[in-house]
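Just so it is clear: chains get the letters A, B, ... in the order the sequence lines come, proteins before strands, and each one is counted from 1.
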Protein chains: 2
Amino acid sequence: MYVHNGCMNSGQTLELTAVEAEACCEPSGQPSIDDYEAQLRASVFKALADPNRLRLLSIVKGSEGGEACVCDLTEPLNLGQPTVSHHLKILVDAGLLHREKRGTWAYYSLVPGAIERTTGLLESL
Amino acid sequence: MYVHNGCMNSGQTLELTAVEAEACCEPSGQPSIDDYEAQLRASVFKALADPNRLRLLSIVKGSEGGEACVCDLTEPLNLGQPTVSHHLKILVDAGLLHREKRGTWAYYSLVPGAIERTTGLLESL
DNA sequence: CAGCTATATCGATGATTGTCAATGTATGTG
DNA sequence: CACATACATTGACAATCATCGATATAGCTG
C-alpha cells in the first residue's frame, strides 16, 4: 500500500465551501500572500527584470553625487535616448528612482530606502 | 550664462577611443555592473516578476515541512496544472526552488539561501 | 497486463514588452 | 523671434510570455 499524506486535492472534484477550500490549502502551514499583494510585489520585480534597467540603477547609484541625467546614460547602455527615457520611467513608476528636473536636464537618483524595501518584499514572502 | 557640469556626452558626436569612452561614463563614481552580470541578475528577477510565481514561493515556504507538490498548488492559484508546472520549472531554473521526485509526486521546496542570495543581487548593485 | 494518477511537455494563442524612428514639449541662447 | 538642446511621448514592430487544451511519461494498483 502506498501512502501519501500531503496532498488532499487529488482525485475527483471535491465539493467544498469557500471557507473549507481556504483552510484546505494550508495544512498547519503559515498563511501565504494573497493575489493582490502578489501583484503589487510582482510589479516591482517586473521593473528589475531587465538587464538594461539593472544597469541604469547601478550607474545612477555609482554616479558622482548619486544622480545622473539621461545624456549620461545613453552611451554606456548603447541604447537610444527614447529607450532610456522609457526604462527610467518604469523605474520611477516602480518607486525605485526619483526624477528631478533642473533646467533642461532631468536628474535621476535612487529613492532612499527603495532597495531595502524591495529586499523586504522577498524576505517576507 | 547657463552652466552644466555633469554631462559631457552632449553636443556633436565626440571622437573617443574605447578606453576614453569607458572612462568617460563614470566621472569619479563607482564602477557599475557590466552587461553580462546584468543579464544574469535580470534572469532571476524575471522569475520573480509574476504574481503567481510569487504566490508559489510563498505557499511553498509556508507549507508544512517546507515543501509542497503540484496538486497542492493548482487550487489556491486557480490555474491549470500545466501552467503551474510551467511556473515551477521557471523557479527551479532560476535556482529558487528545489524539485524532488518521490514516487508519483514532485515535491518543491525553497533552495536554502536562495532568498538571501537574491537580495544580495540588489544590495550589491 | 490494463487502468489510474501525478506531473511534464508540446503547440497554439492572446497579451505584454523592448526597441526604434518620428514627433512633441520645454528650456536656454543669440 | 529663430534656433539648438535635453527629454518625453507616440506609433509601430518583432520578440517574449502566460495560459490553456491535448498529449506524453512515469509510477502505482489490482
Side-chain angles (χ1 to χ4, degrees), chain A residues 1-14 35 38-39 42-43 45-56 60 67-75 77-94 97 99-108, chain B residues 1-14 35 38-39 42-43 45-56 60 67-75 77-94 97 99-108:
Chain A
M1 178 183 180
Y2 202 87
V3 178
H4 173 234
N5 51 9
C7 173
M8 64 287 291
N9 298 330
S10 316
Q12 64 280 14
T13 55
L14 302 173
D35 186 63
Q39 291 196 30
S43 68
F45 293 117
K46 265 194 239 275
L48 296 168
D50 180 271
N52 287 318
R53 287 198 288 271
L54 289 181
R55 295 194 68 193
L56 284 173
V60 167
E67 61 180 13
C69 59
V70 181
C71 61
D72 287 328
L73 299 168
T74 54
E75 194 204 337
L77 264 64
N78 206 28
L79 288 178
Q81 173 264 319
T83 303
V84 173
S85 275
H86 171 243
H87 285 312
L88 289 169
K89 175 172 170 49
I90 290 176
L91 291 170
V92 169
D93 290 345
L97 282 187
R99 176 181 182 271
E100 183 185 354
K101 189 88 178 278
R102 291 205 300 270
T104 314
W105 291 269
Y107 291 90
Y108 288 88
Chain B
M1 177 183 179
Y2 203 87
V3 178
H4 172 233
N5 49 10
C7 175
M8 64 286 292
N9 297 331
S10 316
Q12 63 281 14
T13 54
L14 302 174
D35 186 62
Q39 291 196 29
S43 68
F45 293 118
K46 265 193 239 277
L48 296 168
D50 181 271
N52 287 318
R53 287 198 287 271
L54 290 181
R55 295 194 68 194
L56 283 174
V60 166
E67 61 181 11
C69 60
V70 181
C71 62
D72 287 329
L73 300 168
T74 53
E75 194 203 337
L77 264 64
N78 207 25
L79 288 179
Q81 172 264 319
T83 304
V84 173
S85 276
H86 171 243
H87 285 313
L88 288 169
K89 175 172 170 49
I90 290 176
L91 292 170
V92 168
D93 290 345
L97 282 188
R99 176 182 182 268
E100 183 185 354
K101 191 89 177 281
R102 291 205 300 270
T104 314
W105 291 269
Y107 291 90
Y108 289 87

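With DNA chain C read from its 5' end, the first of the two nearest nucleotides for B/R99 and A/D50 is the one closest to B/R99.
Between the side chain of B/R53 and the main chain of B/K46, a donor-acceptor pair closer than 3.5 Å is present.
Residues from residues 78-85 of chain B that place a heavy atom under 4.0 Å from any atom of DNA chain C, listed by number: B/Q81, B/P82, B/S85.
Applying side-chain contact (heavy atoms from CB on, under 4.5 Å) to A/L56 and the options A/L79, A/I90, A/L73 leaves one that passes, A/L73. Just one residue in the list B/R99, B/R102, B/K101 forms a salt bridge (Lys or Arg N to Asp or Glu O under 4.0 Å) with B/E67, and that residue is B/R102.
The minimum heavy-atom distance between A/L91 and A/A47, with the atom names listed, is CD2-O, 3.8 Å. Between B/L54 and A/A38 the shortest heavy-atom distance is CD1-O, 3.6 Å. The two atoms that bring A/F45 and B/L48 nearest to each other are CB-O, 3.6 Å, heavy atoms only.
Rounded to an integer number of Å, the gap from A/E75 CD to D/dC7 P is 14 Å. In this structure, B/E100 places its CD atom 13 Å from P of C/dA8, rounding to the nearest Å. The interatomic distance linking B/L73 (CG) with C/dA6 (P) rounds to 13 Å, in whole Å. Note: NE2 (A/H86) to C1' (C/dA22) measures 17 Å, nearest angstrom. Taking atom NZ of A/K89 as the reference point, atom P of C/dT19 lies 17 Å away to the nearest angstrom. Taking atom OH of A/Y108 as the reference point, atom P of D/dA6 lies 15 Å away to the nearest angstrom. Computed from coordinates, the A/L77 CG to C/dC20 P distance equals 10 Å when rounded to whole Å. The interatomic distance linking A/K46 (NZ) with D/dC17 (P) rounds to 12 Å, in whole Å.
The side chain of A/T104 sits closest to D/dA6 out of D/dA6, D/dC17, C/dA8. Of the candidates C/dT19, C/dG18, D/dT19, the closest approach to any side-chain atom of B/N52 belongs to D/dT19. Closest to the side chain of A/W105, from the set C/dT7, D/dT19, D/dA6, is D/dA6.
Across all strands, A/H87 comes closer than 4.0 Å only to sugar-phosphate atoms, never to a base (heavy-atom distances). Using a 4.0 Å heavy-atom cutoff across all strands shown, B/K101 reaches no nucleic acid atom at all.
Between B/N52 atom CG and A/D35 atom CG the span is 6.5 Å, to the nearest 0.5 Å.
Listed pair B/R102 / D/dG27 fails the phosphate criterion, with no side-chain N or O lying under 4.0 Å from OP1 or OP2.
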